[in-house]
Amino acid sequence: MTMPAAVEQLLASGAAVHTELMFHMVAKNRATGADEPLSVWTGEGDRVFDIGGNRTYRGGGALIDIPPITYSAGLTINYIEVTLSGAAPFVRTAMFTHNPKFAPVEIHVAFYSAATLNFVGLWRPFKGIESESDLSRAPRTGQQVYQIKCASSARQLTLKSTRRKSNQAMTASNPGDTFRKFAAAVKSARAQWKG
């Protein structure tokens, strides 16, 4: 995502800037199977941001930790580990009721003018999927933490696709599709080579 012109102007002016980090993940609810968002930001209180539609971000303050994001050229998969504290009730609920496996993840930065604290714009430095999730206890405080290891979008190029679909599944979505009509017979056929 390119940086908005207003943010570029603010940064180019050399004026003091205040930033807040935002984490957004859409995971499946284990009970209903519906996709539900978990949106947290380092600011205080809940706030609605317009990112392809309105998203309500819950104020996490110091309860969310997002390390610096590193980039590399090419199709290298970049990883980042986001830590959410289990002290927030909405985080605890999400930890136990949602399945985060391969859930889409976005990290945004909200820019504010430090002088006026007016919102200037958003920038998305990371987009990817959940790679691993772990529920553990912080060593010093003993408090539950939810660690989410996120992989950049390049990770989706390495996910296995479904290579075998039955003819029944294909014709259910498109009755005229007979491409896999004889797939079961061909899969078990032996080829004899003469040389």
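Side chains included, hydrogens not; waters and symmetry mates left out as well; all remaining heavy atoms used. Since the structure is predicted, the reported quantities are computational estimates derived from the model, not experimental observations.
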> What's the spacing between T56 OG1 and R47 CZ if we round to 0.5 Å?
Replying inline: 11.5 Å

> Taking the side chain from R58 and the backbone from D46, do they hold a donor-acceptor pair closer than 3.5 Å?
Replying inline: no

> What distance do Q147 atom CD and E132 atom CD have between them, rounded to the nearest 0.5 Å?
Replying inline: 10.5 Å

> Can you list the residues that meet the salt bridge (charged side-chain N to carboxylate O under 4.0 Å, His left out) rule with D65, with sequence neighbours excluded?
Replying inline: none

>> Quick check for you: to the nearest 0.5 Å, what is the distance between T97 atom OG1 and M95 atom CE?
In response: 10.0 Å

> Looking at G60 and V40, what are the two nearest heavy atoms and their distance?
Replying inline: CA-CG1, 4.0 Å

> So which heavy atom on P100 is nearest to which on Y146, and how close?
Replying inline: CG-OH, 3.4 Å

> Among all residues two or more places apart in sequence or in another chain, which pass the side chain to side chain donor-acceptor pair (under 3.5 Å) test with S13?
Replying inline: none

>> Is the shortest side-chain heavy-atom distance between I51 and H108 below 4.5 Å?
In response: yes

>> Under the rule for side chain to side chain contact (heavy atoms under 4.5 Å, CB included), what residues qualify as partners of T70, not counting sequence neighbours?
In response: none

> CD1 of I69: more than 12 outside heavy atoms within 6.0 angstrom?
Replying inline: yes

>> Closer than 3.5 angstrom, by distance alone: can the side chain of S113 be matched with the main-chain N or O of N118 as a donor-acceptor pair?
In response: no

> So how far is it from C150 SG to E106 CD, rounded to the nearest 0.5 Å?
Replying inline: 11.0 Å

>> Once side chain to side chain donor-acceptor pair (under 3.5 Å) is applied, do any residues pair with N29, and if so which ones, sequence neighbours excluded?
In response: E36

> Any idea which heavy atoms bring I129 and V105 closest together, and the distance?
Replying inline: C-CG2, 4.1 Å

Return a table of donor-acceptor pairs under 3.5 angstrom between the side chains of residues 19-27 and protein atoms on other chains or two or more places apart.
residue: E20; atom: OE1; partner: T42; partner atom: OG1; Å: 2.5
residue: E20; atom: OE1; partner: G43; partner atom: N; Å: 3.3
residue: E20; atom: OE2; partner: H18; partner atom: NE2; Å: 2.8
residue: H24; atom: ND1; partner: S39; partner atom: OG; Å: 2.5

>> Applying side chain to side chain donor-acceptor pair (under 3.5 Å), can you list everything that pairs with S133, at least two apart in sequence or on another chain?
In response: E130

> Is there any ring-ring contact (aromatic ring centres under 6.0 Å, His included) pair reaching into residues 30-68, and which pairs are they, with sequence neighbours excluded?
Replying inline: W41-F49, F49-Y57, F49-F119

> side chain to side chain contact (heavy atoms under 4.5 Å, CB included) with L11: which residues, sequence neighbours excluded?
Replying inline: M3, V7, V17, F111

> For Y112 and L117, which heavy atoms make the closest approach, and how far apart are they?
Replying inline: CD2-O, 3.6 Å

> Which pairs with one or both residues in residues 85-95 pass side-chain hydrogen bond (donor to acceptor under 3.5 Å, both in side chains), sequence neighbours excluded?
Replying inline: S85-Q143

>> Among residues at least two apart in sequence or on other chains, which ones pass side chain to side chain contact (heavy atoms under 4.5 Å, CB included) with N54?
In response: V48, D50

>> Apply the hydrophobic cluster definition, ILVMFWY joined by side-chain contacts under 4.5 Å directly or through others, and give me every member besides Y79.
In response: I77

> Measuring from L75:CG to S152:OG, what's the distance to the nearest 0.5 Å?
Replying inline: 9.0 Å

>> Please enumerate all residues that pass side chain to side chain contact (heavy atoms under 4.5 Å, CB included) together with A6, with sequence neighbours excluded.
In response: V120

> Is it the case that one hydrophobic cluster holds both L63 and I80, taking links as side-chain heavy atoms less than 4.5 Å apart, direct or via other members?
Replying inline: no

